[in-house]
Amino acid sequence: MNLITRLAFNFICKKNSKKLSFTSLVSILGITFGVAAFLVVITVLNSFQAEIKNIISMVNPNLIVFSQYGIQDVKTTEKELKKLIKVPIEGMSPFIYQESVMGLGRQTSSVYIKAMKGTESASIKELNKFIYPKNALDSINIASKLIDNFRNTLDPGSNPSLLPHVILGKELAEELDAKVGSTVTLMTFGAGKSALGVRYNKLYVTGIAATGLSEYDRKNVFMNFQDGVNLFGNEGWASGVEIKLKDPALALQVSKDLHGKTPYNVVAWQEIDTGLFEQIERDGTSIKLIVLIISFVAGFNIIVALSLTVIDRSKQISLLRALGAKKTLIISTFVYSGLFLGILGSTLGVLSGLILLKVFSGISLGDFQKFYYLEKIPVQIDSQLIIFAFITSILLSFFGALYPAWKASKVSPMHGLKQGN
């Protein structure tokens, strides 16, 4: 251990002791708290955004082309879209979207019905990961034969599995107390092919979809595309077309390119639930600002601690100066002291932050699910963020030590020789 290191360690310890002084401990704790708070808050916020964006991209098609009144000749539209889109396409399929009311026993809930091409649907590969039982999607590959020309489901007798099959969102199933094998009632309002009024159709539950996004799991119902045509539409008609690109990141650019080239509305997955992202961004900005202030306060602790050390050890500093120590040695000593406190505090802060993140990982959000649409707190450790927090904290400690170091170098060599010192 060289002279500067020994002096630096001596100045942050109690007089005539190898134990850290109270001001040094407060500085270390301040840095530890600042770094830990920074890591935990920023990691959780970034994880929220990444997790929500990931799930939204998985449960939605990369692109949705639709019209308020639907697309009359959907097959021709699909051919035109394939010509207009210049990037590689992985899949394209029509869908029918219908708002309705579903009930079971005394429980009812508003729902969004999405009739899709089963396992041939463009967005099904990712969506299938959230559906159980494992092969539940296979059940909506085959259309039911129990739908008459008036858009009504017929009596299945003793075999309810002959009814149109549906997959319910997890929270919707819990609200209705429905399980796989249950028969639910769909109430549809409006005109049929030759009749007006309310239709009550029986549907058979074959699966549950649990995406983790409360807004989706509380409303969504999936069914066979042809059953959707028989219940809500006409042959050749669809609410829209969903498209899966080989590179989902290009969806927004493709959406912009299609505007003006097609008479239909085009929405990329990044444009879905933009309000949710804006809310998280607003909340995140204010929280990050608070954490930044805490981090600067931790750096200010270094200034206070070392300034108090300069006052308390002014006699020793003056004696060093009287013995021939140069100002650069005094400055280096206090800078080393600041760096030592910064490195120790930053290390403890990183370790504390990682422990807290481990504890927080998987904790239920409870009532906050309605705001952030996730069941649990997501935690995705970012090594670059850890390195950034560690280095930034040490740099703050370095700059915080400069002023006390400069003040220490200004102590007169005669100060320690004055009577009474």
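Throughout, numbering of the chain's residues begins at 1 and tracks the sequence.
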>> Nearest 0.5 angstrom please: Leu104 CG to Leu203 CG, how far?
In response: 11.5 Å
> Counting only heavy atoms not in Ile381, do more than 12 fall under 6.0 Å of its CD1?
Replying inline: yes
>> For Ala389, is there any backbone N or O sitting under 3.5 Å from a side-chain donor or acceptor partner on Thr392?
In response: no
> Is the side chain of Ser100 donor-acceptor paired with the backbone N or O of Met187 at a distance under 3.5 Å, no angle test?
Replying inline: yes
> Quick one: CD1 on Ile28 to OG on Ser346, what's the gap to the nearest 0.5 Å?
Replying inline: 10.5 Å
> What's the verdict on side-chain contact (heavy atoms from CB on, under 4.5 Å) for Val205 and Thr183, showing C-alpha distance, side-chain angles and the deciding distance?
Replying inline: CA-CA 6 Å; Val205 179; Thr183 300; over 6 Å; no
> Donor-acceptor pair, Ser182 side chain versus Lys179 backbone, under 3.5 Å?
Replying inline: yes
>> Measuring from atom CE of Met102 to atom CG of Leu168, what distance do you get when rounded to the nearest 0.5 angstrom?
In response: 5.5 Å
>> If I compare all heavy atoms of Val184 with all of Ala178, which pair ends up nearest, and what's the gap?
In response: CG1-CB, 4.3 Å
> Would you say Thr347's side chain and Ile343's backbone share a donor-acceptor pair under 3.5 angstrom?
Replying inline: yes
> Would Asn141 and Thr119 satisfy side chain to side chain donor-acceptor pair (under 3.5 Å), going step by step from the backbone distance to the final call?
Replying inline: CA-CA 7 Å; Asn141 280 335; Thr119 53; 3.1 Å; yes
>> Tell me which one of Leu81, Leu63, Ile243, Asn62 satisfies side chain to side chain contact (heavy atoms under 4.5 Å, CB included) with Ile89.
In response: Ile243
> What are the two closest non-hydrogen atoms of Gly353 and Ala36, and how far apart are they?
Replying inline: N-CB, 3.9 Å
> Do the side chain of Thr153 and the main chain of Lys202 share a donor and acceptor less than 3.5 angstrom apart?
Replying inline: yes
> Which is it for Leu258 and Ile85 under the side-chain contact (heavy atoms from CB on, under 4.5 Å) test, yes or no, and what are the steps along the way?
Replying inline: CA-CA 8 Å; Leu258 288 177; Ile85 298 173; 4.2 Å; yes
> Any side-chain heavy-atom pair from Phe38 and Phe388 closer than 4.5 angstrom?
Replying inline: yes
> At what distance, to the nearest 0.5 angstrom, does CD1 of Ile131 lie from NZ of Lys129?
Replying inline: 12.5 Å
>> Could you check whether Lys114 makes a cation-pi contact with Phe95, meaning its NZ or CZ is under 6.0 Å from the centre of the six-membered ring and within 45° of the ring axis?
In response: yes
>> Using side-chain heavy atoms (C-beta onward) and a distance below 4.5 Å, is Asn265 in contact with Val65?
In response: no
> Which atoms form the tightest heavy-atom contact between Val335 and Leu402, and what is the distance?
Replying inline: CG2-CD2, 4.0 Å
> Short question: side chain of His165, backbone of Tyr204 - any donor-acceptor pair under 3.5 Å?
Replying inline: no
> So, does Asn224 use its side chain to make a donor-acceptor pair with the main chain of Pro164 at under 3.5 Å?
Replying inline: no
> Between Ser393 and Ile31, which heavy-atom pair has the shortest distance, and what is it?
Replying inline: OG-CG2, 3.2 Å
>> Any carboxylate oxygen within less than 4.0 angstrom of a Lys/Arg side-chain nitrogen, looking at Lys219 and Asp217?
In response: no
> Given Thr188 and Phe232, is the side-chain contact (heavy atoms from CB on, under 4.5 Å) satisfied, shown in steps?
Replying inline: CA-CA 9 Å; Thr188 308; Phe232 314 117; 3.9 Å; yes
> Which heavy-atom pair separates Gly240 from Ile71 by the least distance, and what is that distance?
Replying inline: CA-CD1, 3.8 Å
>> Treating Trp269 as the side-chain partner and Pro248 as the backbone partner, does any N or O pair qualify as donor plus acceptor under 3.5 Å?
In response: yes
>> Quick check on Glu271: does its CD atom have over 12 non-hydrogen neighbours (other residues, nucleotides or ligands) under 6.0 Å away?
In response: yes
> So Lys326 and Ile330, side-chain contact (heavy atoms from CB on, under 4.5 Å) or not? Walk me through it.
Replying inline: CA-CA 7 Å; Lys326 296 181 178 180; Ile330 303 299; over 6 Å; no
> Is any side-chain heavy atom of Asp73 closer than 4.5 Å to a side-chain heavy atom of Lys75?
Replying inline: yes
>> Looking only at the side chains, is there a donor atom on one of Ser24 and Ser27 sitting less than 3.5 Å from an acceptor on the other?
In response: no
>> For the OG1 atom of Thr211 and the CD atom of Glu171, what is their distance to the nearest 0.5 Å?
In response: 8.5 Å
> Strictly under 6.0 Å, is that where the ring centroids of Tyr112 and Tyr97 end up?
Replying inline: yes
> So which of Val241, Val266, Val267 actually passes side chain to side chain contact (heavy atoms under 4.5 Å, CB included) with Phe66?
Replying inline: Val267
> Can you find a heavy atom in the side chain of Val111 that is under 4.5 Å from one in the side chain of Asn220?
Replying inline: no
>> Are there over 12 heavy-atom neighbours, none belonging to Tyr403, within less than 6.0 Å of that residue's OH?
In response: no
> To the nearest 0.5 Å, how far apart are CD in Gln226 and CG in Leu231?
Replying inline: 10.0 Å
> Below 4.5 Å, heavy atoms only, C-beta onward: do Ile96 and Ile113 meet side chain to side chain?
Replying inline: no
> How close do Arg151 and Val229 get, heavy atom to heavy atom, and via which atoms?
Replying inline: NH1-O, 3.4 Å
>> Assess, by modelled atom type and distance only, whether the side chains of Glu242 and Ser121 contain a donor and an acceptor separated by less than 3.5 Å.
In response: yes
>> Test your reading of the model: is there a side-chain donor-acceptor pair from Ser255 to the backbone of Ala251, 3.5 Å cut-off?
In response: no
>> Side chains of Val180 and Pro133, heavy atoms from C-beta outward: is any pair under 4.5 Å?
In response: yes
> Do the non-hydrogen side-chain atoms of Glu120 and Ser93 ever get within less than 4.5 Å of each other?
Replying inline: no
>> I'd like to know whether OH of Tyr264 has more than 12 heavy-atom contacts from other residues, nucleotides or ligands below 6.0 angstrom.
In response: yes
> Within a strict 4.5 Å, meaning less than it, do heavy atoms of the Phe130 and Val59 side chains meet?
Replying inline: yes
>> Heavy-atom count check: over 12 atoms from other residues, nucleotides or ligands less than 6.0 Å from Tyr336 OH?
In response: no
